[in-house]
Peer 1: 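Have a look at this one before I ask anything.
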Amino acid sequence: MRSIWKGSIGFGLVSIPIKLYSAVQTSSLDLDMLDSRDHAHIRYMRVNENTHKEVPYEKIVKGYKLNDDYVILEDRDFEDAAPEKSKVIEIESFVNIAEVNPMYYETSYYTEPETKNNKAYALLVEALKKSGKAGLARFVLRNNENLCIVHPQEHVLVVTRIRFGQELRGTEDLNISDDVSVSKKELDVGLALIKQYEEKFDVSKFKDDYHEELLKIIHAKAKGKRPTIKKLKPHKTKNDDLYEQLMQSLNTKKGA
């Protein structure tokens with residue numbers, strides 16, 4: 001793995017020099033965009049809208065439009081906007097990790113201490129584990145300020161970027177009634193159904209089946225064949241009554 005950020009995690013007067021590594025990887029297939037006529041690669045070019053000529057990467061700058069003109073920003077300007085956040089993940093508070101709404105989660109990064117046997121790093125991991133808390137912090141990555149939580153994963157500190165509150169849309173515009181009556185017997189059966197399907201979370205049981213099946217089709221087409229595709233059988237409901245549907249679900253064994 002290659003580090004994508006170098007700085008430190010700070011809490012109180014303690015500073016832990018670290019490197020960040022991406023903790024996630026895509027499972028999608030790497031598909032190229034081709035011209036259907038001759039299968040030539042399609043190139044995406046950075047073109048000057050005035051000259052219609054390609055612009056070399058080193059000549060591209062970032063600008064902010066102000067009063068019909070652009071103010072050009074340099075790398076130093078982004079660092080000067082928040083110098084302390086550019087190099088430090090400063091933990092501002094500790095929160096119950098169970099209280100963090102999953103809708104806020106974005107992506108995760110592993111942290112690695114600069115020295116292998118870092119006592120402050122090990123201390124923070126153990127303290128977070130024992131307390132059930134996560135550090136809430138802000139830092140700058142790729143010229144953007146990020147809100148994040150710092151939490152333990154076994155013996156590793158993980159930094160997970162989360163969205164700011166204003167990035168989540170409200171629900172006011174959704175056409176959902178808040179005045180639908182559910183009877184006690186319907187609720188009881190619904191709770192029983194949830195209980196029947198309850199199990200410990202184990203993400204290793206799941207895999208990306210779609211891209212696996214797509215890869216099978218690709219290999220078959222390479223051999224001039226077409227694989228047999230499983231037909232989707234629509235599920236038919238015998239009864240429109242919610243309670244009866246719940247009861248039928250409850251009486252049906254898993255995997256049936």
Side-chain angles (χ1 to χ4, degrees), residues 1-12 15-16 18-28 30-31 44 46 57 60-112 124-125 128-129 131-153 156-178 180 201 203 206 208 210-211:
M1 292 193 291
R2 227 171 65 181
S3 66
I4 60 170
W5 186 90
K6 187 176 180 180
S8 63
I9 292 177
F11 67 108
S15 180
I16 308 170
I18 57 134
K19 295 176 183 176
L20 278 190
Y21 298 85
S22 179
V24 298
Q25 59 187 9
T26 180
S27 62
S28 60
D30 185 16
L31 301 176
Y44 291 91
R46 299 171 293 272
Y57 186 79
I60 296 176
V61 296
K62 293 181 179 179
Y64 182 84
K65 196 167 189 178
L66 190 66
N67 300 327
D68 297 326
D69 201 0
Y70 281 98
V71 177
I72 303 303
L73 293 168
E74 302 170 0
D75 290 342
R76 179 179 171 181
D77 296 320
F78 293 105
E79 293 179 8
D80 289 348
E84 74 286 356
K85 292 175 187 172
S86 298
K87 295 297 178 185
V88 181
I89 300 172
E90 188 66 45
I91 295 177
E92 300 178 16
S93 61
F94 291 93
V95 300
N96 290 323
I97 194 166
E99 293 179 1
V100 182
N101 186 334
M103 289 179 68
Y104 286 108
Y105 288 122
E106 287 203 74
T107 191
S108 297
Y109 305 92
Y110 291 133
T111 70
E112 177 188 76
L124 186 53
V125 169
L128 291 176
K129 278 184 179 179
S131 65
K133 305 286 186 183
L136 187 61
R138 284 183 286 184
F139 75 112
V140 172
L141 176 67
R142 301 190 181 103
N143 300 330
N144 286 306
E145 183 172 25
N146 299 276
L147 190 62
C148 68
I149 56 171
V150 180
H151 55 103
Q153 175 65 35
V156 177
L157 283 176
V158 176
V159 172
T160 296
R161 281 197 295 120
I162 61 175
R163 297 177 175 89
F164 286 95
Q166 69 265 32
E167 293 183 86
L168 287 188
R169 292 176 173 172
T171 59
E172 307 82 24
D173 295 332
L174 298 178
N175 187 25
I176 301 174
S177 174
D178 59 356
V180 178
F201 176 69
V203 75
F206 302 89
D208 185 354
Y210 172 77
H211 286 104

Peer 1: Under 3.5 Å, is there a donor on one side chain and an acceptor on the other for Arg161 and Tyr105?
Peer 2: no
Peer 1: Do Phe94 and Ser131 make a side-chain contact, defined as non-hydrogen atoms from C-beta onward lying under 4.5 Å apart?
Peer 2: no
Peer 1: Among Val158, Val159, Ile162, exactly one meets side chain to side chain contact (heavy atoms under 4.5 Å, CB included) together with Ile149. Which residue is that?
Peer 2: Ile162
Peer 1: Report the C-alpha distance between Val125 and Val156 in whole Å, list the side-chain angles of each, state the deciding distance to 0.1 Å, and finish with yes or no for side chain to side chain contact (heavy atoms under 4.5 Å, CB included).
Peer 2: CA-CA 7 Å; Val125 169; Val156 177; over 6 Å; no
Peer 1: Could you check Phe11 against Leu124 for side chain to side chain contact (heavy atoms under 4.5 Å, CB included), going step by step and ending with a plain yes or no?
Peer 2: CA-CA 9 Å; Phe11 67 108; Leu124 186 53; 3.9 Å; yes
Peer 1: Working to the nearest 0.5 Å, report the span between CG of Leu20 and OG1 of Thr111.
Peer 2: 7.0 Å
Peer 1: Would you indicate whether the side-chain heavy atoms of Arg46 and Tyr57 approach each other to under 4.5 Å?
Peer 2: yes
Peer 1: Does Tyr21 form a side chain to side chain contact (heavy atoms under 4.5 Å, CB included) with Ile4? I'd like the steps, not just the answer.
Peer 2: CA-CA 6 Å; Tyr21 298 85; Ile4 60 170; over 6 Å; no
Peer 1: Do the side chain of Asp77 and the main chain of Glu74 share a donor and acceptor less than 3.5 angstrom apart?
Peer 2: yes
Peer 1: To the nearest 0.5 angstrom, please state how far the NE2 atom of His151 sits from the CG atom of Leu136.
Peer 2: 11.5 Å
Peer 1: Between Glu167 and Phe164, is there a donor-acceptor pair closer than 3.5 Å when you use the side chain of the first and the backbone of the second?
Peer 2: yes
Peer 1: Could you check whether any side-chain heavy atom of Leu168 comes within less than 4.5 Å of a side-chain heavy atom of Met103, counting everything from C-beta outward?
Peer 2: yes
Peer 1: Give the minimum heavy-atom separation between Glu90 and Gly10, together with the two atoms involved.
Peer 2: OE2-O, 3.4 Å
Peer 1: Do other residues, nucleotides or ligands put more than 12 heavy atoms under 6.0 Å from the CD atom of Gln166?
Peer 2: yes
Peer 1: Does a side-chain heavy-atom distance below 4.5 Å link Thr107 with Tyr109?
Peer 2: yes
Peer 1: Could you grab the distance from atom CD of Glu112 to atom CD1 of Ile18, nearest 0.5 Å is fine?
Peer 2: 9.5 Å
Peer 1: With rounding to the nearest 0.5 angstrom, report the CZ to SG distance, Arg163 to Cys148.
Peer 2: 14.5 Å
Peer 1: With a 4.5 Å heavy-atom cut-off, do Ile16 and Ser8 have their side chains touching?
Peer 2: no
Peer 1: Start with the C-alpha gap between Arg138 and Glu92, add the side-chain angles, then the distance that decides, and say whether salt bridge (Lys or Arg N to Asp or Glu O under 4.0 Å) holds.
Peer 2: CA-CA 8 Å; Arg138 284 183 286 184; Glu92 300 178 16; 3.0 Å; yes
Peer 1: Using modelled atom types and a 3.5 Å cut-off, is there a donor and acceptor pairing between side-chain atoms of Asn146 and backbone atoms of Asn144?
Peer 2: yes
Peer 1: To the nearest 0.5 Å, how far apart are OH in Tyr70 and CD1 in Ile72?
Peer 2: 9.0 Å
Peer 1: For atom NZ of Lys129, decide whether the heavy atoms of other residues, nucleotides or ligands shown that lie under 6.0 angstrom number more than 12.
Peer 2: yes
Peer 1: Over all heavy atoms of both residues, which pair between Tyr110 and Ser22 is shortest? Give the atoms and the distance, please.
Peer 2: CD1-O, 4.4 Å
Peer 1: Could you check if a side-chain atom of Thr160 sits within less than 4.5 angstrom of a side-chain atom of Val100, using non-hydrogen atoms only?
Peer 2: no
Peer 1: Set out, in order, the CA-CA distance, both residues' side-chain angles and the distance that settles side chain to side chain contact (heavy atoms under 4.5 Å, CB included) for Ile89 and Trp5, then state yes or no.
Peer 2: CA-CA 11 Å; Ile89 300 172; Trp5 186 90; 3.7 Å; yes
